[in-house]
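Below you'll find the structure, written out as structure tokens, and then a few comments.
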Amino acid sequence: MGARIIDGRGFAAGVRARVAEAVGRLRSGHGLVPGLAVVLVGEDPASQVYVRNKAVQTREAGMASFEHRLAAETPQAALLALVARLNADPAVHGILVQLPLPAHMDAGAVIAAIDPRKDVDGFHALNVGLLGTGQKALVPCTPSGCLMLLRETLGDLSGLEAVVVGRSNIVGKPMAQLLLAENCTVTIAHSRTRELAAVCRRADILVAAVGRARMIRGEWIKPGATVIDVGINRIEEEGRSRLVGDVDFAGAAQVAGAITPVPGGVGPMTIACLLANTLVACCRAHGLPEPDPGRAEGAAA
Ligand code: NDP
């Protein structure tokens, strides 16, 4: 095994610590407490775990956490009314409606109802457009976390060849925009891409966001490349249940220069970036300078 293992768990702890420090300064200097409201509709078990973790980490960072749990059969109008109340609540700086929503709801309509200044998931069309036009946006948390890990690993990304496998609105597309803004040459691959292995082999930076266990093999990776594995796939292996990424870690680690493990790579960065976005939204709401918890003191770049 030659690759450096990128410690997302450790880096995320650093981001959370820097968020907590900035929250402490907001509280002592300005009497402000950033607040994050998380809305869960229904009882999806995975969503319940995410929402609980988000609330715990929000409080640990010194922020206010507001949890709203609605029954699965709640009418969409009631959810929209709650979003309108949260939009108007000055104690709430970030609003996250946990997806997926029950089938009778239109997720697009709910996202569109969130005040874009409080859209800490970065899914509102206004934030998507701001990101795409190089303006100040709230950026989706998972790709934002990937970029932090890439900057920490590589420093300046200018001119590097980046391949993003996956084109979802929550990971692949915003990841590509962020890499473009870092002056990478970006290719977005997807299920219709021809010669995917050859496309991946061009990449200095390979981001896998597919949702297929170990699809990307060691032979697809350019020697020395940095590999960011967003995938979270549960598989049964040797009689037990395991989480694995979209990249065949054992094979890829022989070839890559650096690689994120699953678990312990990108996963922990997502909530850390949610906290960072809530902090940023609070600072913007009050016209205060924005801290950058994504950059460690003395880091490359
Ligand atoms: P989506 O299902 O929304 O998108 C998957 C993408 O992969 C699509 O663009 C699809 O192409 C592409 N794809 C599917 N099969 C292939 C294939 N055989 N070859 C090439 N491309 C393919 O997934 P998400 O973006 O939401 O999530 C991706 C993965 O990341 C999942 O494992 C998810 O669990 C994980 N995830 C992890 C997070 C974290 O915090 N670490 C957060 C969010 C997601 P097409 O568009 O053509 O269908």
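The structure presented is a predicted model; accordingly, all values stated were derived computationally and were not measured. Read the numbers this way: they start at 1 and go in the same order the structure lists the ligands and their atoms.
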Which residue and non-hydrogen atom of the protein lie closest to atom 33 (C) of ligand 1, and at what distance in Å?
Ile232 N, 4.2 Å
Can you sort out which atoms of ligand 1 are near Arg212, meaning under 4.0 Å from one of its heavy atoms?
14 (C), 15 (N), 16 (C), 18 (N)
Which of the atoms in ligand 1, numbered in the order shown and given with their element, are less than 4.0 Å from a heavy-atom of Val266?
41 (N)
Min N/O separation Asp246 to ligand 1 under 3.5 Å:
no
Gly267: numbered ligand 1 atoms lying under 4.0 Å from its heavy atoms:
41 (N)
Part of Thr193 within contact of ligand 1 (heavy atoms, under 4.0 Å):
neither
Going by the closest heavy atom to atom 6 (C) of ligand 1, which one wins out of Ala209, Gly211, Gly172?
Ala209
Quick one: look up the protein heavy atom nearest atom 10 (C) of ligand 1 and list residue, atom name and how far away it is.
Ser191 N, 4.3 Å
Salt bridge or not between Glu152 and Arg295? Use side-chain N to carboxylate O under 4.0 Å.
no
Mind running side chain to side chain donor-acceptor pair (under 3.5 Å) on Thr142 and Thr270 for me, showing each step along the way?
CA-CA 5 Å; Thr142 299; Thr270 298; 3.0 Å; yes
Contacts of type salt bridge (Lys or Arg N to Asp or Glu O under 4.0 Å), residue Arg16, not counting sequence neighbours:
none
As an exercise, identify every atom of ligand 1 less than 4.0 angstrom from a heavy atom of Asn233.
32 (O)
Pairing of Asp7 and Arg9 as salt bridge, 4.0 angstrom limit:
no
Give the atom numbers and elements of ligand 1 that come within less than 4.0 Å of a heavy atom of Gly166.
6 (C), 7 (O), 9 (O)
For Arg212, is there an ion pair with Asp246 - N to carboxylate O distance below 4.0 angstrom?
no
Relative to atom 17 (C) of ligand 1, which among Met269, Arg167, Met215 owns the nearest non-hydrogen atom?
Met215
Using a heavy-atom cut-off of under 4.0 Å, does the side chain or the backbone of Thr142 touch ligand 1, or both, or neither?
side chain
What protein heavy atom lies closest to atom 43 (C) of ligand 1? Include the residue and the distance to one decimal.
Val171 CG2, 3.8 Å
Using a strict cut-off of 4.0 Å, indicate which atoms of ligand 1 neighbour a heavy atom of Ile170.
26 (O)
Is a salt bridge present between Arg240 and Glu238, judged by a nitrogen-to-oxygen distance below 4.0 Å?
no
Atoms in ligand 1 with a heavy atom of Leu196 nearer than 4.0 Å
19 (N), 20 (C)
Between Phe249 and Arg242, is there a cation-pi geometry (under 6.0 Å to ring centre, at most 45° from the normal)?
no
Hey, is Val210 touching ligand 1 through its side chain, its backbone, both or neither, going by heavy atoms under 4.0 Å?
both
Which side-chain N or O atoms in residues 89-113 pair as donor and acceptor under 3.5 Å with protein atoms at least two apart or in another chain?
unit_1, atom_1, unit_2, atom_2, d
Asp89, OD1, Ala91, N, 2.9
His93, ND1, Gly35, N, 3.0
Gln98, OE1, Lys54, NZ, 2.7
His104, NE2, Thr74, O, 2.7
Asp106, OD1, Gly108, N, 3.0
Asp106, OD1, Ala109, N, 3.4

Output yes when the distance from some N or O of ligand 1 to some N or O of Arg192 is under 3.5 Å, and no in every other case.
no
